[in-house]
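Down below is the structure, laid out as structure tokens.
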There are 2 protein chains.
Amino acid sequence: MELTVLDRLLQIGDLFARDMDRAFAGTPLTPARVRLLWVVHHGGPVTQHALADALEVSPRNVTGLVDALEEGGYVERTPHPTDRRATIVRLTETAEAQMAEMQRDHAEITETLLNAVDPHDRAAFARGVDAVALKLEAMVEEASAS
Amino acid sequence: MELTVLDRLLQIGDLFARDMDRAFAGTPLTPARVRLLWVVHHGGPVTQHALADALEVSPRNVTGLVDALEEGGYVERTPHPTDRRATIVRLTETAEAQMAEMQRDHAEITETLLNAVDPHDRAAFARGVDAVALKLEAMVEEASAS
DNA sequence: TATTGTTATACTCTATAACTATA
DNA sequence: TATAGTTATAGAGTATAACAATA
């Protein structure tokens with residue numbers, strides 16, 4: 001069975017996710033937890049509520065993820081300086097270093113994958129990927145509006 | 001923050017998954033269950049064990065998915081003609097029709113997305129997607145071998 | 001002895017609803 | 001009255017291990 005372009009695109013996401021999974025096997029890190037760390041790494045210390053919004057999950061879900069990450073020594077809960085209801089989540093030094101390394105790996109993988117594309121095709125490929133992502137985004141938005 | 005090509009590719013997978021989710025909201029169909037139906041639709045009636053291999057999940061997991069799908073009227077368990085240990089899973093007519101429709105939608109989406117790519121870029125884009133998928137597949141295989 | 005599917009158990013991700021402390 | 005986070009509860013996906021029936 002020949003794979004369509006869409007199949008290929010979905011396959012890429014799957015492969016990448018599975019590779020990430022494998023990379024964190026044996027640690028308490030799971031995809032959802034890594035995603036939280038990734039968001040805090042990029043956005044800096046943040047309240048759990050804002051984190052729930054950023055991850056598009058429920059506040060309750062964030063509580064569980066932060067619980068596990070705190071116990072594993074990846075994040076710290078510190079009180080909000082002015083709002084005593086709120087909790088600020090920040091990465092520990094270990095986690096910060098780990099995310100920085102992950103970011104380097106990410107960049108390296110991006111480069112390796114792009115190098116796998118014929119040099120003459122690269123620019124068109126990048127434009128195509130952009131166009132498809134934007135189109136799909138618009139389609140999903142339109143669909144969820146109706 | 002500018003998105004890299006890899007980010008875009010991952011975003012495409014995410015968007016698509018979320019759209020599928022939304023499409024089956026309100027039914028007992030979930031991503032894992034739809035995936036099982038999809039595999040049976042394409043491969044035909046199959047034992048649960050073979051299904052576990054195809055889906056790359058545990059046999060126990062298949063039992064649960066088939067339980068739910070059987071209760072919902074999407075699949076039927078029938079005895080294997082010669083091996084009395086084994087169970088054959090087949091789609092009901094309803095599910096078969098639903099999967100056929102999904103396949104048509106899938107093809108339509110593929111076409112719409114490709115049409116979003118500049119005609120001059122299309123061939124190069126398709127070649128690039130193929131190259132990236134194959135490269136990533138090779139990378140994952142190599143990584144899991146070590 | 002090996003294989004198929006199931007029961008038993010457990011962990012993770014996710015959600016909604018009710019509650020507490022604070023704003 | 002509204003908001004931040006937690007407790008309570010529940011469903012889904014996943015895994016391993018033990019087991020029964022069959023090959």
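In what follows, every chain begins at residue 1, and chains take the letters A, B, ... in the order their sequences are listed.
- Atom CZ of B:Arg33 is separated from atom CG of B:Asp67 by 9.5 Å, given to the nearest 0.5 angstrom.
- Distance CG (B:Asn61) to C1' (C:dT6): 13 Å, rounded to an integer number of Å.
- For C:dT20, the base has no donor-acceptor partner in the side chain of A:Arg85 [N/O atoms by modelled type, under 3.5 angstrom].
- In terms of heavy atoms, A:Gly13 sits closest to B:Leu10 at CA-CD2, 4.1 Å.
- For DNA chain C, no neighbouring residue in residues 29-36 of chain B is found when judged by any heavy atom under 4.0 Å.
- Atom CD of A:Glu111 has 12 or fewer neighbouring heavy atoms from other residues, nucleotides or ligands inside a 6.0 Å radius.
- For the pair B:Gln48 CD and C:dT3 P, the interatomic distance rounds to 18 Å; values are reported in whole Å.
- Spacing between atom CD1 of A:Ile88 and atom C1' of D:dT3 amounts to 15 Å, rounded to whole angstrom units.
- Rounded to whole angstrom, the span from the CZ atom of B:Arg60 across to the P atom of C:dT12 amounts to 18 Å.
- At whole-Å resolution of the value, CD in A:Glu56 and P in C:dA15 are 10 Å apart.
- Hydrophobic cluster membership differs between A:Ile88 and A:Val75, with clusters built from Ile, Leu, Val, Met, Phe, Trp and Tyr side chains linked at under 4.5 angstrom.
- When side chains are defined from C-beta on, A:Val132 counts as touching B:Phe125, because their heavy atoms get closer than 4.5 Å.
- Atom pair A:Leu37:CG and C:dC13:C1' shows a separation of 15 Å (rounding to whole Å applied).
- B:Val5 approaches A:Val129 most closely through the heavy-atom pair O-CG1, 4.1 Å.
- A:Leu65 contributes atom CG, which lies 6.0 Å from atom CG of A:Leu36 (distance to the nearest 0.5 angstrom).
- For A:Asp21 and D:dT14, the CG to P distance is 11 Å, given to the nearest whole Å.
- In this structure, B:Ser58 reaches the D:dA15 phosphate: one of its side-chain N or O atoms is under 4.0 Å from OP1 or OP2.
- For the pair A:Leu55 CG and C:dA15 P, the computed distance is 10 Å after rounding to whole Å.
- Comparing the helix axis at one end of the helix from C:dT1-D:dA23 to C:dA23-D:dT1 with that at the other, each defined from 5 consecutive pairs, gives an inter-axis angle of 10° (nearest 10°).
- A salt bridge between A:Asp19 and A:Arg22 is present, with a side-chain N of the basic residue lying under 4.0 Å from a carboxylate O of the acidic one.
- For the segment residues 62-84 of chain B, the set of residues with a heavy atom within less than 4.0 Å of an atom of DNA chain C comprises B:Thr63, B:Arg77, in numerical order.
- Nearest to the side-chain atoms of B:Val57 among the listed nucleotides C:dG5, D:dG5, D:dA15 stands D:dA15.
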